[in-house]
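Down below is the structure, laid out as structure tokens.
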Amino acid sequence: QVQLVESGGGSVQGGGSLRLSCAASRLTYSKYCMGWFRQAPGKEREGVATFDSDGSTHYADSVKGRFTVSKDNAKNTLYLRMTSLKPEDTAMYYCAAETSTVVPCSRRRRHTDFGYWGRGTQVTVSS
């Protein structure tokens, strides 16, 4: 079973940067979709970015131009580089993965589109 472990969260001032990591184990499939989601208190979990095994990426409008998702295949680790952070980016950030190819990765936007989840890492941005 795929296991995901996030790290890299923390507290930062507005305008600052952080890089989140998601170490994936047992993700031995040639085709997969991985994503970053976030959930603020009292709000629904929302998609931030997705990374397809073919290298294509997708971003939520709220983070376009500020966040970059990438993957180191040798380390089997997914990253989320976050820059120009805003207080509204404050949330628990989760890594997700899905190995089914029935739905293309580019169309996987909801948390229900992913079957594997990490426990999350907290990001707090102060003004």
Side-chain angles (χ1 to χ4, degrees):
Q1 187 172 358
V2 175
Q3 294 183 335
L4 306 171
V5 179
E6 304 94 335
S7 62
S11 296
V12 63
Q13 284 193 329
S17 301
L18 281 174
R19 189 182 77 162
L20 306 183
S21 300
C22 171
S25 58
R26 302 173 187 161
L27 186 62
T28 58
Y29 302 84
S30 60
K31 294 184 178 181
Y32 54 83
C33 180
M34 296 187 76
W36 286 100
F37 284 74
R38 65 187 181 185
Q39 187 167 19
K43 294 188 176 181
E44 290 189 359
R45 192 169 297 190
E46 63 172 354
V48 174
T50 58
F51 183 93
D52 195 335
S53 52
D54 66 6
S56 58
T57 58
H58 173 270
Y59 298 92
D61 288 342
S62 58
V63 305
K64 278 182 182 177
R66 300 189 299 123
F67 291 11
T68 303
V69 62
S70 61
K71 188 173 184 286
D72 184 330
N73 289 326
K75 297 181 179 179
N76 221 4
T77 299
L78 186 74
Y79 300 100
L80 184 68
R81 175 67 175 169
M82 306 185 294
T83 63
S84 301
L85 282 162
K86 305 174 182 180
E88 50 263 45
D89 294 319
T90 295
M92 183 71 79
Y93 282 71
Y94 297 91
C95 177
E98 178 54 57
T99 56
S100 169
T101 58
V102 173
V103 176
C105 190
S106 60
R107 289 171 53 190
R108 292 186 182 275
R109 312 288 173 79
R110 298 172 57 87
H111 68 277
T112 51
D113 293 331
F114 291 82
Y116 300 101
W117 290 89
R119 292 190 174 186
T121 185
Q122 177 67 37
V123 172
T124 302
V125 184
S126 58
S127 56

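All values reported here derive from a predicted model rather than from experimental measurement.
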### Message
With a sphere of 6.0 Å drawn around CZ of R109, does it hold more than 12 non-hydrogen atoms of other residues, nucleotides or ligands?
### Response
yes
### side chain to side chain contact (heavy atoms under 4.5 Å, CB included) assessment of L4 paired with M34
CA-CA 10 Å; L4 306 171; M34 296 187 76; 4.0 Å; yes
### Task
For the pair E6 (side chain) and R119 (backbone), establish whether a donor and an acceptor sit closer than 3.5 Å, ignoring hydrogens and angles.
yes
### Query
Atom CZ in F114, atom CZ in F37: separation rounded to 0.5 Å?
4.5 Å
### Message
Let me confirm one number: the CG-OG1 distance from D89 to T124, rounded to the nearest 0.5 Å.
### Response
11.0 Å
### Message
Working note: V123 + R38, criterion side chain to side chain contact (heavy atoms under 4.5 Å, CB included); need CA distance, chi angles, decisive distance, verdict.
### Response
CA-CA 9 Å; V123 172; R38 65 187 181 185; over 6 Å; no
### K31 versus S53, closest heavy-atom pair with distance
CA-OG, 3.3 Å
### Query
Do you know which two heavy atoms are closest between A49 and L80, and how far apart they sit?
CB-CD1, 4.4 Å
#### Entry: Aromatic plane relationship, Y94 with W117 - under 30° parallel, 30 to 60° tilted, over 60° perpendicular
perpendicular
### S7 side, atom OG; L20 side, atom CG - distance, nearest 0.5 Å
8.0 Å
### Query
Is NZ or CZ of R19 both nearer than 6.0 Å to the six-membered ring centre of Y79 and within 45° of the ring axis?
yes
### Query
Is the backbone of R66 close enough, under 3.5 Å, to the side chain of T83 for a donor and an acceptor to pair up by distance?
yes
### Query
Between T121 and Y93, is there a donor-acceptor pair closer than 3.5 Å when you use the side chain of the first and the backbone of the second?
no
### Spacing of D52 atom CG and Y32 atom OH [to the nearest 0.5 Å]
8.5 Å
### Message
One thing to verify: whether R107 and D113 come together as a salt bridge, which I'm taking to mean a side-chain N less than 4.0 angstrom from a carboxylate O.
### Response
no
### Task
Could you tell me which non-hydrogen atom of V102 sits nearest to which non-hydrogen atom of P104, and how far apart they are?
O-CD, 3.9 Å
### Query
Which atom pair, heavy atoms only, marks the closest approach of M92 to G120?
SD-C, 3.7 Å
### Task
Dump the intermediate steps for side chain to side chain contact (heavy atoms under 4.5 Å, CB included) on S100 and R108, then the final yes or no.
CA-CA 11 Å; S100 169; R108 292 186 182 275; 3.9 Å; yes
#### Entry: Hydrophobic cluster identity match, F51 and Y29, side-chain contacts under 4.5 Å
yes
### Message
Could you measure the distance from the CD atom of E44 to the CZ atom of R110? Nearest 0.5 Å is fine.
### Response
7.5 Å
### Query
What are the two closest heavy atoms between S84 and S17, and how far apart are they?
N-OG, 4.4 Å
### Message
To check you understand the geometry: which heavy-atom pair defines the closest contact between T50 and V69, and what is its length?
### Response
O-CG1, 3.7 Å
### Message
Can you tell me how far apart OG1 (T77) and CG (L27) are? Round to the nearest 0.5 Å.
### Response
10.5 Å
